[in-house]
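Sequence lines set the chain letters: A, B, ... in the order given, protein chains first and strands last, and positions in each chain run from 1.
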Number of protein chains: 2
Amino acid sequence: MKPKISDVAKVAGVSPTTVSRVLNNRGYIGKETREKVHEAMEKINYYPNDIARSLYIKKTFLIGVIFPTTSNPFYGQLIFHLENYANSLGYKVLLCNSQGREDKEKSYLQMLQRNQVDGVIAGAHNRGIEEYDIPNLPVVGFDRYLSKNTPVVSSDNYEGGRLASQLLIDKGCKNIIHINGPIDLETPANLRREAYEKVMRDNQLTPITYETTRDNEEVIKRLFDDHPEVDGIFASDDLIAANVMREARKRNISIPNDLKLIGYDGTQTTRILLPELSTIEQPIKDIAEKCVDILIKQIDGEREDIQQHTILPVRLIDAETT
Amino acid sequence: MKPKISDVAKVAGVSPTTVSRVLNNRGYIGKETREKVHEAMEKINYYPNDIARSLYIKKTFLIGVIFPTTSNPFYGQLIFHLENYANSLGYKVLLCNSQGREDKEKSYLQMLQRNQVDGVIAGAHNRGIEEYDIPNLPVVGFDRYLSKNTPVVSSDNYEGGRLASQLLIDKGCKNIIHINGPIDLETPANLRREAYEKVMRDNQLTPITYETTRDNEEVIKRLFDDHPEVDGIFASDDLIAANVMREARKRNISIPNDLKLIGYDGTQTTRILLPELSTIEQPIKDIAEKCVDILIKQIDGEREDIQQHTILPVRLIDAETT
DNA sequence: TTGTAGGCGTTATCAA
DNA sequence: TTGATAACGCCTACAA
């Protein structure tokens, strides 16, 4: 069936070893031999079996990527860059959509180990799982502390929260409310809220935070009902911000006249679908590349120069909703 | 290092064969032996090496998934469902972002073969590539003819195009223009345009199509400049539609009063970020599951009951832009 | 410069 | 019911 090295060897009239040498450019090979081998490979349409190779060299060039879902434009874009950059460095990506479920995450992690991945990049909304503390398995977390010694990459959540809150204040808002998704006390994303609270207090204002769980819309309605005086909202992601826009429209609250609104993430998709939304843009590509770089450093055993926590800068996009 | 079957065997005091039997539940195994083996596995924290297993059984339970980019909400959502469903059936997903580039697609295809994937699901915007005609490699195409014998799954593009065009006409539009992305004559997505043209002619109207390549915005501007009389636009995807909305706003063209607009795709993300946009919703989850089902049938050698072309129904969402 | 032999971790065959 | 052995396709000592 599928041609193997020994088939090439037969056709070329050499030994399998020689073929392997040609394949890997190792050791001495005669010019003629090399050509003969190449011709033979062409002729029978040979390509190497990476599975067999991996088994021997104990390295798969596979990395597992665990995130809630590629459906979300932020993760979709992040994963695009992860895969793209990893690919440019010779690594392949095994995709895992955890849906933020701890059970799925655990079983994915097992699956990845059975598949001998060289490393794992994970980010999600649930609490750090002990299971990530796996000896000999390089791991990098995005926006999330996975275990004591796993490096974390994130963007500057505190600065993002500060920029967003400050902007609302600078534009004259007095009653500013923060909405965020399910909070995990141990994720860096929580810093957005801390920054918001700090800015508020520095300006003699009272911070109020609403937390959404499943149902954004319900929470948002409650927010407007509870606080008709609200004139500024900082949403912890653009999807929530979009929901706020919709609810505001329903209530005939004019943005940005009556209410100023800023979101978070600034994905390509949001910028196309909802360019009028002010937001904090995360450097998604940089995040992805940093994650991969750090992971590969670990894989290559360069433990020295690995930063435990890498923080990348965010950018304020002051568009039409503020 | 990593424990292997023979390590388990030693601890349990049996032979590797027996351990393998326990692992795979094959043949006769004594109750006590089974327990001993299980204990031993627990004790040394053993998990099987799927690479080695794959090498022997010549099956990896890996499927390659080639699409332009997970950044795009449509593909992101499709890939989420592909992975999710494949996972539920015991298959793992190798992710490939082709960016619609033929060279990348070819090299991914090679990579996937070297990794011995059991099959490939691919969809993209460029022309069918001969390279997909690979003996013994099951392939399924989404919205795209890949080669003579590869099954295709798509949603009902013709009906979608018809519904969209007819809606604009029903709402009183007289000067309706269609915009689509780069057209490949051989993809089913082209049917959207054909339906549009048919509907137009059936109503004694002249079809006009603008094709965008890279720069949506430029094309859209030209469209408005060329046709100030336009009162209806059918965009072949929601992102283009969003660009139209933006340009219309810039020109003080009121939607839906002066101009009615309908997009295509209806992803979850669009529904959240831009719920007011009328669109044709594709059954993304069904598409994904159908792709996987058909692929696995091929993998399992059930060639009989494989439909060459599966078409799934679309749904009209008549929102606020029409 | 090239070939032979053994091993990577697993599974299946066959014998015990 | 269990164990020894060979094989999956490749790679690397070591020998020639």
Once side chain to side chain donor-acceptor pair (under 3.5 Å) is applied, do any residues pair with B/Asn87, and if so which ones, sequence neighbours excluded?
none

Output all residues satisfying side chain to side chain donor-acceptor pair (under 3.5 Å) with B/Ser54, sequence neighbours left out; order by chain, then residue number.
none

Can you list the residues that meet the side-chain contact (heavy atoms from CB on, under 4.5 Å) rule with A/Lys290, with sequence neighbours excluded?
A/Val153, A/Ile294, A/Thr310, A/Leu312

Is it the case that B/Arg34 and B/Asn25 place a side-chain donor and acceptor less than 3.5 Å from each other?
yes

Are B/Lys36 and B/Glu42 within salt-bridge range, i.e. N to O under 4.0 Å?
no

In whole angstroms, the gap separating P of C/dC8 from CG of B/Leu55 amounts to 14 Å

Separation of atom CZ in A/Arg114 from atom P in C/dG9, rounded to whole Å:
16 Å

Separation of D/dG9 P from A/Lys2 NZ (nearest whole Å)
9 Å

Looking at residues at least two apart in the chain, or sitting in another chain, which of them share a salt bridge (Lys or Arg N to Asp or Glu O under 4.0 Å) with B/Arg53?
B/Asp50

Taking 4.0 Å as the cut-off, does a side-chain nitrogen or oxygen of A/Thr18 come that near to OP1 or OP2 on C/dG3?
yes

Encode nucleotides 10-16 of chain D as B, S and - characters from 5' to 3', where the letter depends on protein heavy atoms closer than 4.0 Å: B to the base, S only to sugar-phosphate, - to neither.
SBBBB--

Qualifying ring-ring contact (aromatic ring centres under 6.0 Å, His included) pairs with a residue from residues 13-39 of chain A, counting only residues at least two apart or across chains:
none

Using a heavy-atom cut-off of 4.0 Å across all strands, would you classify A/Lys58 as base, sugar-phosphate, or nothing?
sugar-phosphate

What does A/Ile51 touch in the nucleic acid at a heavy-atom separation under 4.0 angstrom: a base, only the sugar-phosphate, or nothing?
nothing

Which of residues 30-41 of chain A have a heavy atom under 4.0 Å from DNA chain D?
none

Tell me the interatomic distance from B/Asn115, atom CG, to D/dC8, atom P, rounded to whole angstroms.
20 Å

Sequence neighbours excluded, the answer for side chain to side chain donor-acceptor pair (under 3.5 Å) partners of A/Lys104 is A/Gln99, B/Asn84

To the nearest angstrom, the CE-P distance between B/Met1 and C/dC8 comes to 13 Å

Please identify each residue that fulfils side chain to side chain donor-acceptor pair (under 3.5 Å) with A/Thr17, with sequence neighbours left out.
none

Which pairs pass ring-ring contact (aromatic ring centres under 6.0 Å, His included) with one or both residues in residues 77-108 of chain A, sequence neighbours excluded?
A/Phe61-A/Tyr91

All salt bridge (Lys or Arg N to Asp or Glu O under 4.0 Å) counterparts of A/Asp7, not counting sequence neighbours
none

To the nearest angstrom, how far is B/Lys10 atom NZ from D/dG3 atom C1'?
16 Å

Given axes from five pairs at either end, by how many degrees does the helix from C/dT1-D/dA16 to C/dA16-D/dT1 bend, rounded to 10°?
40°

